[in-house]
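One structure below.
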Amino acid sequence: MTTLLEARHATRIFGGGLFDRTATLALDDFSLAIDADRPAITGVVGESGSGKTTLARVLLGLTAPTTGQILYQSQDLQTMSRQGWRRFRRDVQVIFQDPYGVYNPFYRVDHMLTTPVAKFGLATSRAKARELIDDVLRAVGLRPEETLGRFPHQLSGGQRQRIMVARALLLSPRVILADEPVSMVDASLRATILASLSTMNRDRGISIVYITHDLATAYQISDTIVVLYRGSVAEIGDVELVVKQPRHPYTQLLLSSIPLASPERTWLTAKEPVPVAAADRSDTGCKFAARCPSVAPPCREAAPPLFQTDPARAVACYLYRDAPSASGDHSEPGRSSR
Amino acid sequence: MRDLTVHYDTPLGAVRAADRISFSLCAGERLGFAGESGSGKSTMALAILRMIQPPGRIDGGQVRLDGVDLLSLGDEEMRRVRLARIALIPQGSMNALNPVMRIRDQIMDGLTDHGVRMSRREGDERVRELLESVGLGRDVAERFPHELSGGMKQRACIAIAISLRPRVIIADEPTSALDVVVQKQVMETLARVQKELDASVILVGHDMGLMAQFVDRVGVMYAGKLVEVSPVREIFTRSLHPYTRMLIASLPSLEKKGTFSGIPGLIPLLRDLPPGCAFHPRCPEAVARCRTEEPALREVRPDGWGACHLV
Amino acid sequence: MAHAAWRYVRRNLSLVVGIVLLGLLALFVGIGHLVVDTNKSRPLSAPAIRPPSADHPFGTDRQGRDLLATMVAGTPLTLRIGFIAGFLGVGIGSILGFVSAYYRGAVDSIIRGIVDIGLTVPGLLVLIIIAVSLRKGLTVDQMALIVASLAWLNPARTVRAQVLSMRERGYVEVARLSGMSGPEIIVKELMPNLLPYLAATLVNAVSAAILASIGLEVLGLGPIDSPTLGMTLYWVNFNAALINGWWWWWTAPIAIILVVFLGLFFLTVGLDEIANPRLRRVI
Amino acid sequence: MRLDYLARRCGVFVLIVWIAATLNFFLPRLSGQDPVRTKLLQQAQLGGYVHAGIDAMVKDYDRRFGLDRPLWEQYLSYLRDAVRLDFNYSIANYPRKVNEMIAEAVPWTIGLLGSTTLLSFALGTFLGALLAWPGAPRWMRYLMPPLWALHAIPFFLLGLVLIYLLAFEIQLFPMFGGYSGGAFPGFTVTFVWDVIRHAILPAMSIVLVATGGWALAMRGMMVTTQGEDYVTFAEAKGLRSLTIFTRYCLRNAILPQTTALALALGNILSGAVLVEVIFGYPGIGTVLFHAIRENDHFLIQGIVFTVIVALGLATLILDAIYPLLDPRINYRRT
């Protein structure tokens with residue numbers, strides 16, 4: 001399997017400089033591979049502070065990992081040539097979270113689209129460029145004449161986010177990294193944008209990394225899910241397996257906490273609220289130990305590796321230590337284990 | 001509440017943010033108001049507490065609490081009603097706590113400004129009691145807001161809100177920007193505290209899942225108007241308004257994939273609303289009448305109110 | 001058209017007042033140069049200590065200078081010092097501010113360190129030390145350079161703060177991902193948003209530079225033989241004009257200096273309002 | 001955490017002291033030849049009013065900063081003297097020592113500068129806060145424009161105008177000096193009253209100008225604070241409007257105001273120097289003015305060093321106080 005974009009034991013530590021003793025481990029030995037042959041949508045789910053955004057920035061090459069590597073077409077970003085970077089910048093695109101901060105107030109929204117066209121020489125003439133831009137706008141459900149020529153503050157959050165998706169589409173990339181693309185958009189529009197993401201994957205063969213805190217939307221459009229907890233992978237695997245039969249206690253807690261929009265009342269259990277343990281940032285052992293209902297002595301000693309409990313799912317939890325440990329170096333989700 | 005109307009003066013003319021909202025809330029009941037941004041749900045909630053800041057102004061209608069119309073009270077009387085009889089729980093995403101004051105003082109000043117005189121010892125005791133009732137340790141009293149997590153800050157706000165045992169608690173998107181696990185803990189605390197006080201709760205939000213699991217009745221708002229008020233069970237089984245049905249359909253479920261779809265079109269601008277029913281441009285079941293005549297909110301079936309010609 | 005102009009004036013009142021004041025000043029100096037013989041501003045070119053009269057509208061001073069000529073000749077010199085020092089200061093300051101905010105790292109901490117400490121040190125005293133050391137016959141331009149040597153501190157701080165806040169915005173990241181290089185981002189993405197702030201900082205720097213130059217001149221460290229406003233005040237103090245009741249000698253320079261500072265001040269406030277409209281509600 | 005923050009602030013202070021001494025040493029030497037030496041030699045050759053001290057000083061100066069000595073050695077001996085606040089003799093009024101003259105002038109400047117800065121800061125902050133408070137009396141509105149316009153004028157200009165109006169025309173206050181000529185300095189009531197009468201005009205010229213600035217800044221901050229979420233929640237808690245005004249708005253708006261004070265000290269002092277010169281007020285400013293006139297380099301360097309160090313100390317004190325106002329400071333890296 002040739003990999004397109006891959007993170008290999010990527011770790012990122014912030015702070016920890018001379019004076020700053022409080023080093024925060026944003027990303028801890030994270031490995032993920034995006035398959036080049038079968039473009040899929042990989043959902044990365046995690047709470048705030050789980051390292052989601054750091055992961056996005058590391059995969060985009062905006063932040064260098066402290067240890068480990070990020071490879072694009074098996075070339076390490078750190079040692080890639082200028083030519084390599086230009087190709088990387090074109091093939092890996094991004095959709096940011098905040099539709100308000102992404103637009104330079106000084107320019108009309110067209111600036112967001114014309115810049116990549118000019119910089120990457122996507123069109124030979126202005127007419128060709130305009131045509132290209134109109135196509136991608138229509139592809140995301142926007143009418144060009146209603147959108148172009150306007151200033152950012154004249155458009156709604158939903159419209160602006162869709163222009164952002166169009167921008168990613170413009171460069172016909174191989175991978176799109178969507179960092180919480182719909183969390184600041186209204187529910188009614190959320191589905192439309194996610195639908196356009198999955199059609200892009202299906203029709204144009206673009207692999208998508210969908211990073212979100214919302215497990216339900218991840219379930220709807222992803223093929224594979226990575227559950228992230230404080231920088232390390234708790235559970236990774238096929239979406240149906242992970243959501244329907246969650247193995248890791250944290251995934252179970254996440255799923256049980258989501259209020260379902262159905263008449264049956266199962267969510268508000270009358271039991272005493274779990275005493276909120278002060279998040280002790282113990283360095284050793286499993287990070288979830290402090291909040292885990294089935295914590296055991298081994299959990300506190302060393303962080304559990306990934307155990308391949310099913311052909312298409314691995315769990316980092318000692319409850320499944322008798323399962324074969326997943327190939328630590330290079331865990332491809334959705335592939336039958338060796 | 002009877003025909004409450006709120007206008008905002010903008011450079012482009014007055015915008016009607018809440019248009020003739022009417023509903024009634026029983027003691028101990030949990031009433032939810034769902035709607036997207038710009039639907040006027042927060043405006044309506046703030047109007048109850050008469051906290052509409054200029055350029056907004058309340059133009060009409062009544063808000064009666066135990067028979068007393070709050071809109072006719074003097075400023076000082078209204079001030080005393082706030083927190084004592086109606087309390088607000090702020091949005092989860094806001095920094096609603098004063099960054100330079102300890103939590104204990106932020107609880108005590110609510111009490112003292114409502115004429116509650118108690119010694120230092122009694123005060124500390126009351127603060128400890130309140131903090132424990134929302135699942136916070138006694139040490140939180142001495143802490144500053146920046147030393148607490150998002151969830152703990154929100155529970156401190158709940159402690160403040162219930163400090164004078166109010167009759168009504170208004171929670172304006174209390175768990176927005178909180179993680180789903182913390183959200184559940186905060187909502188469990190709110191449910192327990194509401195039962196102990198036998199207070200009624202108005203929950204304003206956009207998460208229909210939260211509404212389904214928490215409230216007894218749901219009001220759905222669109223473009224400043226109340227388009228449906230029904231018991232929660234019926235909202236999810238046989239709702240009276242197409243917008244409610246489409247709002248529920250746009251929620252991603254965890255049962256089956258590919259079941260959720262967006263609502264076409266754009267959220268209308270309040271300053272130039274379409275004629276007739278504001279939802280008709282986006283409504284698949286719209287008929288000619290919808291484009292001309294604005295449907296009134298009427299009781300279609302016992303305790304089921306809808307504002308749609310087709311019902 | 002008049003209505004739109006009036007609405008613009010009402011919205012940016014401070015800006016308009018500032019421009020009007022400085023316009024009046026420019027008019028005074030412009031017409032002055034046509035009408036008045038400026039070399040009358042040299043000593044012994046008029047009878048000494050004459051109160052304002054027909055042939056000496058602003059009166060004369062003890063060394064026999066015609067004060068109107070002195071004002072007409074001196075004002076542009078003082079403004080020149082202010083503008084040279086102001087432009088130099090903002091030029092150097094914004095470049096340093098940009099570099100340190102955008103490229104961060106060691107460069108940033110060095111520049112930030114110098115600026116923070118530099119601002120706590122009273123500028124005038126350092127200028128005094130410099131001026132005293134250079135003692136041999138200062139010219140107006142040398143004066144401008146001396147003042148400029150510290151004028152870059154404040155612009156560096158404000159520009160750095162602005163760029164730091166802008167740098168975190170999403171559109172800088174998107175620009176980088178769209179293939180724009182560092183300098184390109186500075187010019188195309190950051191610079192346009194920064195212009196209103198730069199303009200306000202420039203006017204501030206000019207005002208501070210004029211104040212510093214007048215301060216030095218009043219202390220006797222200015223270009224001794226040039227008729228700048230500060231030097232006139234130096235001679236006022238030197239000859240105790242106040243005690244001797246020669247009121248006209250100091251009213252002229254003070255009136256002009258007031259117009260300069262008020263004009264620049266309203267200009268800064270006006271530009272600040274344009275830079276962030278939220279401030280508009282405050283005034 | 002607190003100690004780490006204070007340690008860094010003291011580090012900055014030491015750095016300021018070192019910079020003050022370095023500036024004093026190197027700037028004069030910028031133009032190649034050492035102005036102090038040329039001044040001394042000039043003074044010695046004058047011969048007109050020969051005073052023996054000059055020759056002693058020249059020999060002493062050469063011993064310490066002789067041309068044969070390498071520059072860094074001169075620099076080190078200069079640093080040693082600076083730290084001990086020993087700036088040699090005052091060239092113009094030998095045999096008086098420089099730090100003696102400074103010690104005499106400092107209390108006057110601290111008296112004038114200290115009182116006016118605190119007064120204008122307190123008055124301006126309170127006025128600015130009131131102006132932003134909806135409950136403030138209506139007429140306050142009209143107070144803003146004059147204060148605002150005054151803020152644009154340099155201190156010493158207003159000083160000149162005040163002297164003319166209130167001292168020359170109406171003779172309400174003395175025009176000049178720190179105390180009446182004949183008065184005998186001492187802590188008698190008459191003398192103190194005489195000093196106060198002399199200090200009123202200089203003080204007024206600083207306070208009237210500075211107050212406007214603080215009021216404008218505070219009002220801006222109050223308006224922003226009133227828009228904060230915790231103020232909206234405070235209203236929802238039914239707090240009295242006075243409680244909200246003081247404990248929520250004022251208490252938060254005062255933080256940036258204090259930082260602004262620390263930053264403004266430098267400019268306030270520069271302005272005060274000029275005010276002292278205009279009023280002939282016997283503080284550091286006038287001593288410096290005469291030192292410049294008589295080219296008394298040792299005195300100039302002494303004053304500049306002392307003032308920079310004093311300001312550094314004031315900033316250090318303000319930085320030390322700041323964490324008491326803002327509890328978050330302990331955790332946030334400055």
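As the structure is a computational prediction, the values presented were derived from the model and not from experiment. The sequence lines fix the lettering, A, B, ..., with proteins before strands; numbering per chain opens at 1.
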**Complete:** The interface call for D/L269 against chain C, heavy-atom contacts under 4.5 Å, is side chain
**Asked** What part of D/L15 is in contact with chain C, defined as an atom under 4.5 angstrom from a non-hydrogen atom: side chain, backbone, both or neither?
**Response** side chain
**Request:** With a 4.5 angstrom heavy-atom cut-off, could you sort out which part of C/L233 is near chain D: side chain, backbone, both or neither?
**Result:** side chain
**Asked** In terms of heavy-atom proximity below 4.5 Å to chain C, should D/I19 be classed as side chain, backbone, both, or neither?
**Response** side chain
**Complete:** Counting heavy-atom pairs under 4.5 angstrom with chain C, the leader among D/L265, D/I303, D/L160 is D/L160
**Message:** Check the orientation of C/F238 and C/W235. Use parallel for under 30°, tilted for 30 to 60°, and perpendicular for over 60°.
**Reply:** perpendicular
**Message:** With a 4.5 angstrom heavy-atom cut-off, is it the side chain or the backbone of D/L288 that approaches chain C, or both, or neither?
**Reply:** side chain
**Message:** Between C/R112 and C/D108 (salt bridge meaning N to carboxylate O under 4.0 Å), is one present in this structure?
**Reply:** no
**Item:** Pick from D/V304, D/V12, D/L23, D/V273 with the largest number of heavy-atom pairs that fall under 4.5 Å of chain C
**Value:** D/V304
**Request:** Fit a plane to each ring of D/H151 and C/F265, take the angle between them on a 0 to 90° scale, and name the class: parallel (under 30°), tilted (30 to 60°) or perpendicular (over 60°).
**Result:** perpendicular
**Inter-residue atom distance C/L216.CG - C/M231.CE, 0.5 Å rounding** = 10.5 Å
**Fill in**
Pair count under 4.5 Å, heavy atoms only, with chain D: among C/L219, C/L119, C/L262, highest is C/L219
**Fill in**
Cut-off 4.5 Å, heavy atoms of chain D, and the answer for C/I128 is side chain
**Prompt:** Quick one: CG on C/L125 to CG on D/L311, what's the gap to the nearest 0.5 Å?
**Reply:** 8.0 Å
**Message:** Is the shortest side-chain heavy-atom distance between C/M71 and C/L229 below 4.5 Å?
**Reply:** yes
**Asked** Which region of D/L157, side chain (C-beta onward) or backbone (N, CA, C, O), has a non-hydrogen atom less than 4.5 Å from a non-hydrogen atom of chain C, or is it both or neither?
**Response** both
**Item:** Lys/Arg-Asp/Glu bridge criterion (N-O < 4.0 Å) met for C/R157, C/D116
**Value:** no
